[in-house]
Structure formats: C-alpha cells, structure tokens
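Please read the structure below before turning to the comments.
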Amino acid sequence: MLYLVSLALFASALSPASDALSTKMAKNLKVLVSSNDFPESGLDVLREHFTVLQSRFLHFGDEGINENKEELLNLIPGCSALVWSSHHPITKELLDKAGPQLKIVSTASAGYNHANVPELKARGIKLANTPGVLSSAVAEIAVALMLGAARRFTENLEQVRSGQWEIGFTKVLGQDIRGSTVGIVGLGGIGQATVKRLSGFEVGKFLYTGHREKPEAKALNAEFTTLDNLLNQSDFILLAVPLTDETLHMINSTTLGKMKKNAILINVGRGDLIDQDALYDALKNKQIYAAGLDVTTPEPLPKDHKLLTLPNLFVLPHIGSATVRTRSDMAVLAAENVVNALTGKPLITPVLP
C-alpha cells in the first residue's frame, strides 16, 4: 500500500513537468493561417498552443490568387497544420511545399469542395470544416433572398435609384411566401434552420429531398419526396447542399423545365449547383418567375455578366455567414480542430478523420 501511495505521489509530482514539456513541444509546431483577416478569436486559440504563421495578404479575389499564393508557398514548409480561410482551391503544389509533417487542413467553411479532398486523403492528411455554427446566419440570408426575389427587390431598388417609381395598384406585384410550398434540396443544418425561420410566414407546405429521410423532419412538418416531385410542386426551391460530382449543375435546362412558371429558385450552397447559362435562359424567357443567389460562378460575378442584366434576379455577394458572431465562431471551431488534431484528440467536425 505504501508503495502504491508513493508511486501516486511520484506521478503527481512529475505531471506538471510533463505538461510543461508537452506544451513546449506543441509550441514548436507551426500552424499557417492563410489570410490576414482571420478573426482574433481563432488566432488566440492557436497561439495558446502553437507557433502561428499568418499571411500578410487577403486570401480572397485577385490578391488571394496572386500575392497570397506566393506568400503561402513561402510560409508553409515545415508547418504541421493549415487553416484555410478562403474558397480558393488548395493546390497539389502547396501540399508538396508543406512537406510530410502536415497533419491537418482546417477550412473555415461548411463547404469543402475547394479542399482537394482526394489529394488530402491520398497523403493521409486530416480535413475538418465548420458546419453547424454558420447555419443560422446562412438561413437568414436564405429567407432574405426569398423575400428579395419574390418581392422583386432588384426592380424596386432600381426604381428608387432612378427616381422613376411605377405607382399603381397593380404595379410591380410580387409573390407571397404565405400559403406557398417551399422545397428544400438538402435538409441539413442550413435547410433545417431555414424551415424554422420560415415557420412564422404561414408557409402552406414544406417538402424536402435528399439521399434519405431525416428524423428531424417530423418536428419541422417537412415531407420527404423525390427531387422531381419537389421541382413540380414547389413555389420556392432552396438549394442547401454541398457541391459534389453528384450535385454539379443539378439545376440545368432539364430540371428548370420541371419547375412551375411561378417558381423562385434560391441558392445558398455553391454557384456550380446551377448551370448559369440555363438559368439565364429560364429567367429571361420567364420560364420561372425569379431567382435569388448568394453564390455564383465565378465569384465575384463580373459587373457585365449577362445574369446581372435580368430584372428577375436578386444577387448577393456570398455573405451567408458574414456576421461578426458567426465568423468568430467559425474561426474558433477551425482552430479547435487544429488543436485536437495536433494533440492526439478526435476532430470536432471531421471530413477526413
């Protein structure tokens, strides 16, 4: 018994030194943050554990493609983790530069089509994303797009800017959400959050489609159906699925042809879910009523793009998760996934565990 007590005391005395050694070893690990605007909340989590390298450049737009590309290639050798704050693709060249000690890519986004999943998997590199924490913010934008497209915000804002208002009892009338059928393609976190936010709009019916029925659907009064049936019946169609080989251009001339004439298409997923040439034709020819997009291909959408000539299209510049609270939550989750990966714990939100 005395031996066991002594052994316990000895182990207890060693543990602070052991923890200090572990912390010192972790501090020797380098983590690269890909953009100069990554929230401080996430940086604080990383700095507590590791040596943090951060790009001096923004990781979006032309700056992200040009100046930041070279910066990241210069900084990444020897890094154990990469925090990716951009929708620019992760290239094989960058992974080659990193070296074999790269253990984790943590992308501050729900989608991860930009993350080069096959290459990461082949190299045995873990991948994490940030689903869930952005569902509420994106759902709010989904509702805003529904309202904006249904109530013809593009045309009405142009009237305000020009000073030429179409005044009359039957001028510039829109569509109601009240009593409508709303179809959700992908009843995941964002889809469910959108349904909850629409509950006060007196929606007539919620439909959803996907690979399988969702247990959460019953409490939301959402009915599972086929994609074709959803397209045929819905007045509003919300795309809230990730971009995969299966969902690439899932909205095309064929599927647009199955929609009602008064249908309003909303996309908060990824731009390439939609064949934009087919969408342009459908909107221009009034085959469907309107569309609201927070995501496009490319991003930014050029100011002279033909889609922007359409009065029945309401476009936002990919601001679904763009709130102070949500971006901070995304940064912290991305950072915590790195901490777990580099300290031998399971990822919180794994894509490739």
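Since this is a predicted model, take the numbers as computed values, not measurements.
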Rounding to 0.5 Å, atoms CG (D235) and CG (L207) come to a distance of 9.5 Å
Over all heavy atoms of both residues, which pair between I237 and S234 is shortest? Give the atoms and the distance, please. CG1-CB, 3.6 Å
Working to the nearest 0.5 Å, report the span between CG of L273 and OG1 of T247. 5.0 Å
Under 3.5 Å, is there a donor-acceptor pair between the side chain of N267 and the main chain of G269? yes
Option among I266, I319, T323, T194 that satisfies the side-chain contact (heavy atoms from CB on, under 4.5 Å) test with I141: I319
Got more than 12 heavy atoms from elsewhere within 6.0 Å of NZ, K306? yes
Does the pair N337 and K126 meet the rule for a side chain to side chain contact (heavy atoms under 4.5 Å, CB included), with working shown? CA-CA 10 Å; N337 273 314; K126 297 177 187 291; over 6 Å; no
Closest non-hydrogen contact found for I125 with I104 is CG2-N, 3.8 Å
Test item: side-chain donor near acceptor, T255 and N252, under 3.5 Å: yes
Does either side chain, that of H59 or that of S34, offer a donor lying less than 3.5 Å from an acceptor on the other one? yes
Does any donor atom in the side chain of D228 or T226 lie under 3.5 Å from an acceptor atom in the other side chain? no
Any chance the side chains of N36 and S55 put a donor and an acceptor closer than 3.5 Å? no
Salt bridge (charged side-chain N to carboxylate O under 4.0 Å, His left out) between R152 and E158, intermediate numbers included: CA-CA 10 Å; R152 300 169 66 171; E158 182 55 36; over 6 Å; no
Within the supplied structure, the quantity of interest is the number of heavy atoms (other residues, nucleotides, ligands) at a distance under 6.0 Å from K214 NZ; does it exceed 12? yes
Closest heavy-atom pair and its distance - I190, A240: CG2-CB, 4.2 Å
Please determine whether the number of non-hydrogen atoms from other residues, nucleotides or ligands lying under 6.0 Å from atom OH of Y289 exceeds 12. yes
Counting only heavy atoms not in D62, do more than 12 fall under 6.0 Å of its CG? no
Atom NZ of residue position K260 - does it have more than 12 heavy atoms of other residues, nucleotides or ligands inside 6.0 Å? yes
Between T244 and N113, do the side chains contain an N or O donor and an N or O acceptor separated by less than 3.5 Å? no
Closest non-hydrogen contact found for Q54 with D37 is NE2-N, 4.2 Å
I'd like to know if the side chain of N285 reaches the main chain of Q287, judged simply by a donor and an acceptor atom lying under 3.5 Å from each other, with no hydrogens or angles considered. no
Under 3.5 Å donor-acceptor, D329 side chain and V133 backbone: no
The test is side chain to side chain contact (heavy atoms under 4.5 Å, CB included); show your working for S109 and H87 and say whether it passes. CA-CA 8 Å; S109 62; H87 294 304; 4.0 Å; yes
Picking from V295, D272, T297, what satisfies side-chain contact (heavy atoms from CB on, under 4.5 Å) with L243? D272
Please answer whether the main-chain N or O of R151 pairs with a side-chain N or O of N156 as donor and acceptor at a distance below 3.5 Å. yes
Hydrophobic cluster identity match, L82 and F38, side-chain contacts under 4.5 Å: no
Less than 6.0 angstrom separating the ring centers of H88 and H114, yes or no? no
Rounded to the nearest 0.5 Å, what separates atom NE2 in H249 from atom CD1 in I274? 9.0 Å
Sub-3.5 Å donor-acceptor pair from the side chain of E213 to the main-chain atoms of G210, do we have one? no
Using the rule given for side chain to side chain donor-acceptor pair (under 3.5 Å), can you reason through S136 versus R197, listing the C-alpha separation, both sets of side-chain angles and the distance that settles it, and then say yes or no? CA-CA 9 Å; S136 293; R197 278 151 183 79; 3.1 Å; yes
Considering all heavy atoms, the nearest V351-P353 contact: O-CD, 3.7 Å
I would like to know whether L238 and V185 meet side chain to side chain contact (heavy atoms under 4.5 Å, CB included); could you show each step before the answer? CA-CA 6 Å; L238 171 65; V185 182; over 6 Å; no
May I ask you to check whether N74 and E70 show a side-chain donor-acceptor distance below 3.5 Å? no
Short N-O contact, K345 and E336, less than 4.0 angstrom: no
For E246 and H211, which I'm curious about, is there any donor-acceptor pair between the side chains at under 3.5 Å? yes
Could you verify whether a donor N or O on one side chain and an acceptor N or O on the other, from S41 and S328, lie under 3.5 Å apart? yes
salt_bridge(R123, E119) N-O dist < 4.0 Å: yes
More than 12 heavy atoms of other groups within 6.0 Å of R325 CZ: no
